[in-house]
Structure formats: C-alpha cells, structure tokens
Amino acid sequence: MSSANVVPVTDDPSARPPLDSDRLADAGPGLAVEVVDVAASTNALVATRAREGAAEGLVVVAEHQTAGRGRLDRSWETPPRAALTFSVLLRPRVAPAQWPWLPLLTGYAVGEALRDAGFDTGVKWPNDVLIGDLKVAGILVERVDTPTGPAAVLGVGLNVSTTAEELPVPTATSLALAAGDAPDRTTLLLALLARLRHEYDAWQGGAGDLRASYTRACVTVGRDVRVDLPGGATLTGRATGLDAGGRLTVRPHTGTDTAETAVGAGDVVHVRVVER
Ligand code: BT5
C-alpha cells in the first residue's frame, strides 16, 4: 500500500479525521455525494430519498451510523469515523431477473478497489468482502418501490481504522488491522465509488462478463460449503459456480441425487466454507 494518505491507527475517535465533503462533492459524473454526521441507517435514509424522487447516483455517507442493518434483521456495528458506511441509489434498467447480481457486483467492485489500494481481498458469496478469512466489508442491497419505478439501494459497510477491541465479532477485520495503517477514508470512498460506477455501467451496458470476473474473485466457489437455509435445513456440498441469475450452484455430498442445486442469496441464512 502506498504510504501517502495514511493516518495512524488510534482508538480515540476524536483523533480520527472527518471525511472531506469538498473533495467528495467532486466524485465524478453521475454521482452526488452527501456527508451526514449521524444516520440510523444510510440504507433507510437513501430509501426514503428514493421514494421522494431522488435521482440515480445519490450517495449518502454517514460519519456515524447508529442502527446499521445487515441482512435478515442482523445489525452492522461501526464506531464513529472508523468505517465507511454509505449507500448508493440506483435505478437499474435491467430486467428484474438480473437484480440479484447487484449485491455481487457491489462486493466485487469494493473488493477490486481495495485490491487496487494494495489489500489482498476476496469476495465471499453472496455479500461479504474478506481479507484472509475475515470480513472487512458487508453489502446490503435493498429494492425500493418508488413513484417512478423500482430502485435499488446499495449499502456498503467497510471497516477502515477499527481496532480489534472495537470489532463486534471475532470473524471481522479492518484495513488498519490488515495493513498496519488506515487509508484516508475520503480517498478510499472516491476510489470505491468510481469502481462501483464503472462496474455498474459495464454490467448494465452489457459489457464485460461479471459472472466470470466475480467467480474468479470469489473464495466460495470450488470449496466445500454448508448452506443454512431458512427453517433450519442445511445443504452441504461443493460450491461449483454461479448460474446466470447469480445463484450459487452446489453439488451435494450426500444422497443419491448428485444433481446440482442453485441457491439464491435471498434464501440463505449463512454460507460457511467447511473442511471435509
Ligand atoms: C451484511 O449483513 O454484511 C451487510 C452489512 C451492510 C452494512 C451497510 S453500512 C451502510 C448501509 N446502511 C445500513 O444500514 N447497512 C448498510 P450480514 O451478512 O447479515 O452480516 C451481519 C453480521 O456481520 C452481523 O450479524 C455480525 O455478525 C457481523 N458484523 C456486524 N458488524 C460488523 C462489522 N463492522 N464488521 C464485520 N462484521 C460485522
């Protein structure tokens, strides 16, 4: 990682620099970034703005998120100024069957932007960005019905200068813990947004091959997994790839039926890589 734009690791929130809203005002074409000091959830905030008619490209980033949401009513916890917690409003023109690619696209874009910044990331299907086996970022994409049609809110939570003591679970890490230094959050957010915009435009324009790129970056494909399904059922087997709708294909280990099963992100509670 470059030594430019780094700040020392600290557990004193007042010593953590704020985002630079002037620089973020210039995030690039098709993006309008607003910085707020506190939000319960940036996804909830952007969903409200979408219903009120906000245009594609609105980005809200909170210095402190007090009720961050994960999937399935789980929570996302980050101390003030230690993370990037932001949401992007999109109004995709692609068919609804393609929307499940949006969380995958978001995770892929975040992972690639972090790779460009020197971090050895991988994506875990469906919505985690990992460094090693530890989660550095989580993605929550929500569909919102608005007067001008359905919109997508892409939420990203990324641990930047969070210390080990501040992380809510032992399976988490931060960029500072991975690298010794925390990158400047403003520089990082600009890079994340540029990459996200680029991947979204390419995908929506039919350019590139997100399925192939995501599969290459994905640490889940090719591994043995245990998928927890709603209602307590589990599926164990080898994750073999992604289907055209972004679902994970799993070849079960047990039973006479060796046909692959495809699981959608909306149907899984947890996916764990397991040793056989
Ligand atoms: C996610 O859910 O990983 C999606 C997280 C999305 C957060 C962003 S922040 C901006 C936007 N606004 C919101 O309100 N949300 C989005 P899921 O896969 O369900 O993972 C949630 C689980 O991750 C929790 O149950 C914890 O175990 C763990 N967790 C919570 N906070 C974490 C953190 N800071 N780092 C790593 N893991 C965390």
Side-chain angles (χ1 to χ4, degrees), residues 11 13 19 33-50 58-90 102-111 114 121-144 152-178 182 185 188-189 192-193 196 219-220 227-228 230 248 263-273:
D11 57 6
L19 290 160
V33 182
E34 295 178 16
V35 182
V36 299
D37 275 341
V38 183
S41 155
T42 57
N43 262 36
L45 194 55
V46 168
T48 300
R49 297 283 297 276
L58 170 69
V59 180
V60 176
V61 51
E63 291 282 26
H64 185 202
Q65 197 175 232
T66 54
R69 305 202 302 228
R71 296 190 312 120
L72 305 171
D73 288 332
R74 295 190 286 243
S75 63
W76 185 259
E77 294 162 43
T78 45
R81 292 189 184 172
L84 282 173
T85 46
F86 65 97
S87 301
V88 182
L89 173 61
L90 297 175
L102 284 168
L104 309 185
L105 183 155
T106 308
Y108 175 71
V110 169
L114 291 176
T121 56
V123 286
K124 179 182 162 222
W125 187 92
N127 69 323
D128 295 349
V129 181
L130 306 184
I131 296 180
D133 286 336
L134 300 174
K135 179 163 170 172
V136 72
I139 311 296
L140 177 66
V141 173
E142 295 177 294
R143 184 191 150 117
V144 191
V153 178
L154 276 49
V156 177
L158 168 65
N159 302 318
V160 181
S161 68
T162 328
T163 63
E165 296 71 34
E166 290 171 325
L167 289 170
V169 286
T171 49
T173 191
S174 70
L175 298 179
L177 288 169
R185 287 182 307 141
L188 192 58
L189 180 55
L192 292 176
L193 291 173
L196 190 54
V219 300
T220 320
V227 181
D228 294 340
L248 187 71
V263 287
D267 300 324
V268 305
V269 179
H270 282 296
V271 179
R272 291 194 177 85
V273 169

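When a ligand or atom number is given, it counts from 1 through the structure's own listing order.
- No side-chain donor-acceptor contact under 3.5 Å links S174 and T162.
- Side chain of K124 to main chain of K135: no donor-acceptor pair is present (N/O by atom type, distance under 3.5 Å, no hydrogens or angles).
- W125 pairs with exactly one of T220, V227, V219 by the side chain to side chain contact (heavy atoms under 4.5 Å, CB included) rule, that one being T220.
- The shortest contact between atom 22 (C) of ligand 1 and any protein heavy atom is with S75 O, 4.1 Å.
- Those atoms of ligand 1 that come under 4.0 Å of a heavy atom in T42, given as number and element, are 10 (C), 11 (C), 12 (N).
- Under 4.0 angstrom from ligand 1, the non-hydrogen atoms of V156 all belong to its backbone.
- Residue L154 holds its CG atom at 10.5 Å from CG of L193, rounded to the nearest 0.5 Å.
- By the criterion of a heavy-atom distance under 4.0 Å, the side chain of T78, and not its backbone, is placed next to ligand 1.
- Counting atoms of ligand 1 from 1 in the listed order, those under 4.0 Å from a heavy atom of F86 are 10 (C).
- Taking CG of L134 as the reference point, atom OG1 of T171 lies at 7.0 Å (rounded to 0.5 Å).
- Close contacts between ligand 1 and K135 involve ligand atoms 1 (C), 3 (O), 17 (P), 18 (O), 20 (O), 23 (O), 36 (C) [criterion: under 4.0 Å to a heavy atom].
- Nearest protein heavy-atom contact of atom 4 (C) of ligand 1 is I139 O, 3.4 Å.
- To the nearest 0.5 Å, atoms CD1 (I139) and CG (L105) are separated by 10.0 Å.
- Q65 contributes no side-chain N or O that, together with a main-chain N or O of T78, makes up a donor-acceptor pair within less than 3.5 Å.
- Taking every heavy atom of A172 and a limit of under 4.0 angstrom, the matching atoms of ligand 1 come to 35 (N), 36 (C), 37 (N).
- For ligand 1 and G68, the ligand atoms under 4.0 Å from any heavy atom of the residue are 14 (O).
- Atoms CZ and CZ, on R74 and R69 in that order, are 14.0 Å from each other to the nearest 0.5 Å.
- Of the listed residues (T106, V156, V88), just one forms a side chain to side chain contact (heavy atoms under 4.5 Å, CB included) with V141, and that residue is T106.
- At least one donor-acceptor pair under 3.5 Å links the side chain of R185 to the backbone N or O of A83.
- The proximity of V169 to ligand 1, defined as any non-hydrogen pair under 4.0 Å, is limited to the side chain.
- Near E77, meaning under 4.0 Å from one of its heavy atoms, ligand 1 places the atoms 30 (C), 31 (N), 33 (C), 34 (N).
- For atom 9 (S) of ligand 1, the closest heavy atom belonging to the protein is Q65 NE2, 3.3 Å.
- In the vicinity of N127, heavy-atom distances shorter than 4.0 Å reach the ligand 1 atoms 1 (C), 2 (O), 3 (O), 18 (O).
- Note on ligand 1: L72 sits outside its first shell, no heavy atom being nearer than 4.0 Å.
- Taking CD1 of I131 as the start and CG of L177 as the end, the distance is 9.5 Å to the nearest 0.5 Å.
- When heavy-atom distances to ligand 1 are checked against a 4.0 Å cut-off, R71 comes that close through both its backbone and its side chain.
- Atoms of ligand 1 found under 4.0 Å from any heavy atom of N159, numbered from 1 in the order shown, are 33 (C), 34 (N), 35 (N), 36 (C).
- Among all non-hydrogen protein atoms, the one lying nearest atom 19 (O) of ligand 1 is R74 NE, 2.7 Å.
- Within the 4.0 Å heavy-atom shell around ligand 1 one does not find A39.
- In this structure a side-chain-to-backbone donor-acceptor pair under 3.5 Å is present from N159 to T173.
- Looking only at heavy atoms of the protein, atom 38 (C) of ligand 1 is closest to W76 CZ3, 3.4 Å.
- Of the protein's heavy atoms, R69 O, 2.8 Å lies nearest to atom 15 (N) of ligand 1.
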